[in-house]
Amino acid sequence: MPQHILVAVAWPYANGPRHIGHVAGFGVPADIFARYHRLAGNRVLMVSGTDEHGTPITIVAEREGLTPREVADRYNRVIADDLHNLGLSYDLFTRTTTLNHYQVTQDVFRTLFSKGYILRQETLGAFSATTGRTLPDRYIEGTCPICGYTEARGDQCDNCGSQLDPTDLINPRSKIDGSPPVFKTTEHFFLDLPAFADRLQQWIAKQEHWRPNVRSFSLNFIKDLKPRPITRDLDWGVPIPLPEYEHRDDKRIYVWFDAVIGYLSASIEWAHNRGTPDAWRDWWQNRYARHFYFMGKDNIVFHTIIWPAQLMGVSSDGYYAGSAAGAFAEVSLQLPYNVVSSEFLTMEGKKFSSSRGVVIYVKDFLSRYDADALRYYLTIAGPENQDTDFTWAEFVRRNNDELVATWGNLVNRTLTNVHRTFGAVPRPGALQEGDQRLLDEVEGGFAGIGAMIEDVRFKAALTEAMRLAAQVNTYLSEQEPWKVIKDDPERAATIWYVALRCVNSLKIMFTPFLPFSSQRLHEYLGFDGYIAGPLEFKEYTEDDGRSHRVLTGNYGCWIGRWEPPRLPVGQTLRQPEPLFKKLDEKIVEEELERMRAGLK
RNA sequence: GUCGGGGUAGCUCAGCGGUAGAGCAAACGGCUCAUAAUCGUUAGGUCGCGGGUUCGAAUCCCGCCUCCGACACCA
């Protein structure tokens, strides 16, 4: 019985190109998980998009003389191209500036408001004297009243560590243009989180399968919940759907409140785009569906507290009707089943920092190296359980000594020999005990590796696949079919047949991690069709006349299955090429030099 | 400051109550079909520091040092 799996991937913020630390945190892990579940026969819906509202985008726009929408358009394009080139198999990668997203966000807001979960409160806020926009606390600098540090921020002083309010600062000034901020009273809307505290506490306490840090962090956070403001004084964002605010240009829904709603709105858009407008309910209003969220650790609270509170609030008297109440209308919206948070990647021992030049963008990386080489590194050495460091030396080493040497070489020596000697899958003689033992061990990987992936232990899963590849290398070294063939061609054919069967199975096991090379191997082995691909861009026009490009794909045509694939005797092999490129050690110094040149 | 998570072989990391593990790097040997790739053997660690619980602690508890993150108007 296929399961419904929602793979909900954190929404990259569209204020610039994304670096490899970002995709290490949410992109690659989510894609491994989604590809595996599709191969295993489950119904996967993987959704995300660019997060395009909020203050930082308006600041970039001002600096570059563009409108916020132009900034969002530009970086949506760059980011979607990156994700496509990395092979991230989204069912829908859309944007938060679609008409659909605005409507769903406003639906959620209205529903919560009508149930009393959204409160109004007067607050004192800081505004830019020049633009009239809100100045978030962190965009205000001044002298710390406690220690006298002159570059304290409105939220805290980095020198003495004190928590501050912007009004505490002496000589406050805007970090953006240096002008002194204006403080005035303004009305804001607050999500009444304390109203959900008990339900959240009980729900999270039951989630014993979450990674311990996510669960304990969230439980701790609940102890002191306060109503959280969900509107901002901005002209860029989803309008507040209340009569007195609908036509005002100075107040919008807070970017985080709408970004998490994106998981739901994108699912609804996906269903609409493919002409089955109620299909999203199979994931959202099906109590057997399981939702997996993938993100960096800085996003935990939004996915374990705030979004679940929004979902509980919307669902609490029975349903989210959406644009049309349907068959599942009496069922609540599904809460997260697991919230998978990655730690952080650092770059040559330092924090990634675009402004300081400590960075390698996905786009630049992929212009010089293969996507699978990056996917390999980010999985085997990425921040799955703790912060890890990316270094170019380690990237080259992992690529050359592990990916190329173990798996690439196994494929190459096997295919080269078989293609040259037989030209096709050879007919084996009787299998010996050692042959069968190897086949059993390798094919056992489907169960073992599959269980690890389901358990979101990707590093262990890939390590196991590599171990199995090394086992096949050992087998070949012991059997020496290139010698045996002189005296016993049938035995040599059997050995190569066994190796080929192992390679063909490993091809599937490596597919979630290394989809591009697995597809090429699939073709060298003489097969046609896609194991798992391809991705495509499509353009959709909404009722307001605006169109947007989405990343999607028809993954129903995948022919791969998470099980030992058949390998027909006599199938003609194609001319093989090495799967991976060995990298010259020189690139380490070249890349470090490139980074030094960009340092600010 | 408060809260959370790290500190394990030269390097990158796994293990998280029962005689210290992997990969790479190192040394030696085998093989030479394969992108000089592979295969085997060896060597290498008082598991951050100090104390405690336990028959037994890298693993649990307390204190300290140190790194990273969150702390609610950055996203």
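Chain A is the first sequence line, chain B the second, and so forth, proteins listed ahead of strands; every chain is numbered from 1.
To the nearest whole angstrom, the two C1' atoms, one in C64(B) and one in A25(B), are 34 Å apart. Rounded to a whole angstrom, the distance from the P atom of U46(B) to that of A9(B) is 9 Å. Atom name P, nucleotides G63(B) and G4(B): the rounded distance is 11 Å, in whole Å. The same atom, P, is picked in A14(B) and in C55(B); the two are 32 Å apart, to the nearest Å.
As judged by a 4.0 angstrom heavy-atom cut-off over every strand, Ala259(A) is placed among residues making no nucleic acid contact. Among the atoms of the strands shown, only primed sugar atoms or phosphate atoms (P, OP1, OP2) are found under 4.0 Å from some heavy atom of Asn473(A). Leu579(A) comes within 4.0 angstrom of a base, heavy atoms only. Using a 4.0 Å heavy-atom criterion, one finds that Asp51(A) contacts the sugar-phosphate atoms exclusively.
Between Glu464(A) and Arg467(A) a salt bridge is recorded (basic side-chain N to carboxylate O distance below 4.0 Å).
Counting only heavy atoms from C-beta on, Lys459(A) has its side chain closest to A14(B) among C33(B), A14(B), C24(B). Across A75(B), U35(B), U12(B), the shortest atom-to-atom separation from the side chain of Asn299(A) is found for A75(B).
At a cut-off of 3.5 Å, with distance as the only test, no side-chain donor of Glu52(A) or Thr96(A) sits close to an acceptor on the other residue.
In this model, the phosphate group of A75(B) is approached by a side-chain N or O of Tyr254(A) to a distance below 4.0 Å at OP1 or OP2. Under 4.0 angstrom from either OP1 or OP2 of A34(B) there lies at least one side-chain N or O belonging to Arg420(A).
Pairing partner, C11(B): G23(B), with both Watson-Crick or wobble hydrogen-bond distances short of 3.5 Å.
We find the CZ-OG1 distance between Arg63(A) and Thr58(A) to be 10.5 Å, quoted to the nearest 0.5 Å.
Between the side chain of Arg120(A) and the backbone N or O of Glu187(A) there is no donor-acceptor pair closer than 3.5 Å.
Between Pro229(A) and Gln471(A), the residue anchored nearer the 5' end of RNA chain B, judged by the nucleotide with its closest heavy atom, is Gln471(A). Mapping Asp298(A) and Leu193(A) onto RNA chain B by nearest heavy atom places Leu193(A) at the nucleotide closer to the 5' end.
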